[in-house]
Chemist: 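My structure is below; once you've seen it, I'll send some questions.
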Amino acid sequence: MSGPRVALLGDVHGNLPALEAVLAHARENGAEAFWNTGDSVGYGPFPEESVATLRALGAVHVAGNIDRKVLKFPSKDEKWRIKKRPEKYRALAWAWRHLSDEAKEWLDALPDLLRLEVAGRRIALTHGTPDSIKEPLFADTPVERLREVAEEAAAEVVLCGHSHDAFHRELATAWIVTPGSVGRQDDGDPRARYALVDFVPDGLVVRHHRLEYDVEAVCAALRRGRLPEAVAEMFRLGRSLKWVLENAPVGASRA
């Protein structure tokens with residue numbers, strides 16, 4: 001028994017142009033369902049628009065750790081103002097202030113873990129792992145840990161994000177798939193990432209994709225919003241904020 005062709009995406013991080021590029025490519029390539037591993041907002045200049053686009057998909061969604069962090073901003077404002085790097089603090093504040101109440105309520109209602117069944121297979125969709133939405137899985141994560149994750153999930157297919165790494169691994173009794181990040185890369189390649197997943201009788205067929213999008217439009221929008229230049233450099237260079245501040249500050253503070 002086969003299932004639908006699924007566009008597995010996540011870590012949009014408020015990057016609407018990247019999201020639009022991914023959705024267009026997925027539709028052109030026969031995607032019948034869209035599953036989102038979370039971190040829909042944070043850092044990018046289009047949190048409200050990204051949430052609206054994701055909601056309109058009729059997709060399956062879970063929450064990410066940055067989604068949760070943005071929603072905590074009002075209660076953590078004073079503490080984070082002191083403890084966090086100013087660039088990160090301002091990015092979180094901007095995301096909170098540019099989300100509607102309706103969008104915040106939608107994000108807040110998302111589960112950390114969602115269980116599905118497709119083509120007779122038990123599936124777990126989460127941001128990190130069943131243990132923690134903040135635990136990343138990478139292509140080089142030891143196979144012993146991947147087996148533990150599958151056992152903890154009680155699933156034959158575990159779909160997750162958070163690491164921004166794109167890989168899939170077939171284990172003896174389960175598959176682990178991460179699609180990489182739609183909106184914010186860490187490996188020096190700014191292109192958007194996602195995966196197409198086909199459920200076929202003898203397992204999965206997973207195809208990872210990297211797509212060009214208008215990175216400069218994202219950087220320009222961040223500058224119009226008066227966000228720190230280091231945040232724009234994250235998207236332009238395809239690097240984490242920590243990497244940018246330590247290696248290519250471009251006028252950004254190292255505080």
Side-chain angles (χ1 to χ4, degrees), residues 6 8-14 35-44 47 50-51 54 59-76 79-80 83-85 88-89 91-92 95-96 104 106-117 121-171 173-187 193-195 197 206 234 240-243:
V6 173
L8 182 65
L9 55 94
D11 294 281
V12 173
H13 286 290
W35 296 356
N36 172 23
T37 63
D39 270 3
S40 300
V41 300
Y43 298 107
S50 296
V51 166
L54 289 166
V60 172
H61 308 271
V62 293
N65 63 304
I66 300 297
D67 297 329
R68 296 287 190 228
K69 189 166 285 189
V70 167
L71 294 176
K72 290 178 182 177
F73 180 80
S75 64
K76 300 288 188 178
K79 178 181 178 181
W80 287 350
K83 294 189 68 175
K84 288 192 179 297
R85 290 179 185 260
K88 186 169 186 177
Y89 168 82
L92 292 170
W96 164 260
K104 290 170 186 171
W106 180 79
L107 286 168
D108 191 45
L110 294 178
D112 290 349
L113 174 67
L114 195 60
R115 298 190 184 279
L116 308 162
E117 185 170 320
R121 295 181 181 88
R122 291 171 288 119
I123 299 163
L125 180 71
T126 189
H127 184 62
T129 69
D131 275 350
S132 170
I133 63 172
K134 295 190 289 186
E135 180 185 1
L137 297 178
F138 297 94
D140 61 356
T141 295
V143 68
E144 293 80 8
R145 178 56 189 147
L146 297 181
R147 289 195 190 105
E148 290 172 357
V149 167
E151 290 172 5
E152 292 157 4
E156 297 156 282
V157 180
V158 182
L159 308 173
C160 46
H162 186 50
S163 67
H164 296 201
D165 196 8
F167 75 93
H168 61 279
R169 186 84 65 85
E170 182 179 7
L171 309 175
T173 59
W175 287 74
I176 308 287
V177 185
T178 74
S181 172
V182 169
R184 196 193 67 68
Q185 311 308 323
D186 291 335
D187 65 352
R193 304 179 89 166
Y194 87 107
V197 181
V206 182
M234 290 170 61
S240 69
L241 181 60
K242 181 177 185 293
W243 190 97

Chemist: When you measure from the side chain of H13 to the backbone N and O of G42, does any donor-acceptor pair fall under 3.5 Å?
Modeler: yes
Chemist: Kindly determine whether C160 and T178 satisfy side chain to side chain contact (heavy atoms under 4.5 Å, CB included), including the steps that lead there.
Modeler: CA-CA 5 Å; C160 46; T178 74; 3.6 Å; yes
Chemist: Can you name the closest pair of heavy atoms from L71 and P74 and give their distance?
Modeler: O-CD, 3.6 Å
Chemist: Just by distance, with hydrogens left out, do H127 and D112 show a side-chain donor and acceptor under 3.5 Å apart?
Modeler: no
Chemist: Identify the two heavy atoms, one from A139 and one from F167, that lie closest to each other, and give their separation to 0.1 Å.
Modeler: N-CD2, 3.4 Å
Chemist: Measure the spacing between CG of D140 and CG of D165 and express it to the nearest 0.5 Å.
Modeler: 7.5 Å
Chemist: Tell me every residue that passes side chain to side chain contact (heavy atoms under 4.5 Å, CB included) with V62, counting only those two or more places apart in sequence or in another chain.
Modeler: P111, L114, L125
Chemist: Can you tell me if D67 uses its side chain to pair, donor with acceptor, with the backbone of L107 under 3.5 Å?
Modeler: no
Chemist: Quick one: pull up OG1 in T141 and CD1 in I176 and give me the separation to the nearest 0.5 Å.
Modeler: 9.5 Å
Chemist: Between R169 (side chain only) and W175 (backbone N and O only), is there a donor and an acceptor less than 3.5 Å apart?
Modeler: no
Chemist: Answer yes or no: is there a donor N or O on one side and an acceptor on the other, between the side chain of S50 and the main chain of P47, under 3.5 Å?
Modeler: no
Chemist: Does K83 make a cation-pi contact with W80, if we ask for NZ or CZ under 6.0 Å from the ring centre and within 45° of the axis?
Modeler: no
Chemist: Quick one, L8 and T37 - any side-chain contact, counting heavy atoms below 4.5 Å?
Modeler: yes
Chemist: Do you know which two heavy atoms are closest between S40 and L54, and how far apart they sit?
Modeler: OG-CD1, 3.3 Å
Chemist: Give the intermediate values and the outcome of ring pair (Phe, Tyr, Trp, His ring centres under 6.0 Å) for residues H61 and W106.
Modeler: CA-CA 10 Å; H61 308 271; W106 180 79; 4.8 Å; yes
Chemist: Provide the closest heavy-atom pair for R68 versus L110 in the form atom of the first, atom of the second, distance.
Modeler: NH2-O, 2.6 Å
Chemist: For E152, give me all partners under salt bridge (Lys or Arg N to Asp or Glu O under 4.0 Å), at least two apart in sequence or on another chain.
Modeler: R145
Chemist: Working to the nearest 0.5 Å, report the span between NZ of K69 and NZ of K72.
Modeler: 8.0 Å
Chemist: Would L137 and L146 satisfy side chain to side chain contact (heavy atoms under 4.5 Å, CB included), going step by step from the backbone distance to the final call?
Modeler: CA-CA 8 Å; L137 297 178; L146 297 181; 4.1 Å; yes
Chemist: Check step by step if side chain to side chain contact (heavy atoms under 4.5 Å, CB included) holds for Y43 and L241.
Modeler: CA-CA 9 Å; Y43 298 107; L241 181 60; 4.3 Å; yes
Chemist: Do K76 side-chain atoms and V70 backbone N/O form a donor-acceptor pair below 3.5 Å?
Modeler: no
Chemist: Charged N to carboxylate O below 4.0 Å: is that the case for R193 and D187?
Modeler: yes
Chemist: Verify, without hydrogens or angle tests, whether D11 (side chain) and R184 (backbone) share a donor-acceptor contact under 3.5 angstrom.
Modeler: no
Chemist: Using the rule given for side chain to side chain contact (heavy atoms under 4.5 Å, CB included), can you reason through L159 versus W35, listing the C-alpha separation, both sets of side-chain angles and the distance that settles it, and then say yes or no?
Modeler: CA-CA 9 Å; L159 308 173; W35 296 356; 3.3 Å; yes
Chemist: Would you say E135's side chain and D131's backbone share a donor-acceptor pair under 3.5 angstrom?
Modeler: no
Chemist: Working to the nearest 0.5 angstrom, can you tell me the gap between K242 NZ and K88 NZ?
Modeler: 11.5 Å
Chemist: If I take atom CH2 from residue W243 and atom CG from residue D186, how far apart are they, to the nearest 0.5 angstrom?
Modeler: 11.0 Å
Chemist: Quick one: does R115's side chain have a donor or acceptor within less than 3.5 Å of a partner on A153's backbone?
Modeler: yes
Chemist: Does D39 use its side chain to pair, donor to acceptor, with the backbone of I66 at less than 3.5 Å?
Modeler: yes
Chemist: If you take all heavy atoms of V206 and A195, which pair is closest and at what distance?
Modeler: CG1-CB, 4.2 Å
Chemist: Do side-chain atoms of H162 reach the backbone of K134 as a donor and acceptor pair under 3.5 angstrom?
Modeler: yes
Chemist: Testing the basics here: between G64 and I133, what is the closest heavy-atom pair and its distance to 0.1 Å?
Modeler: C-CD1, 3.8 Å
Chemist: Any Lys/Arg nitrogen of R121 or E156 sitting under 4.0 Å from an Asp/Glu carboxylate oxygen of the other?
Modeler: no
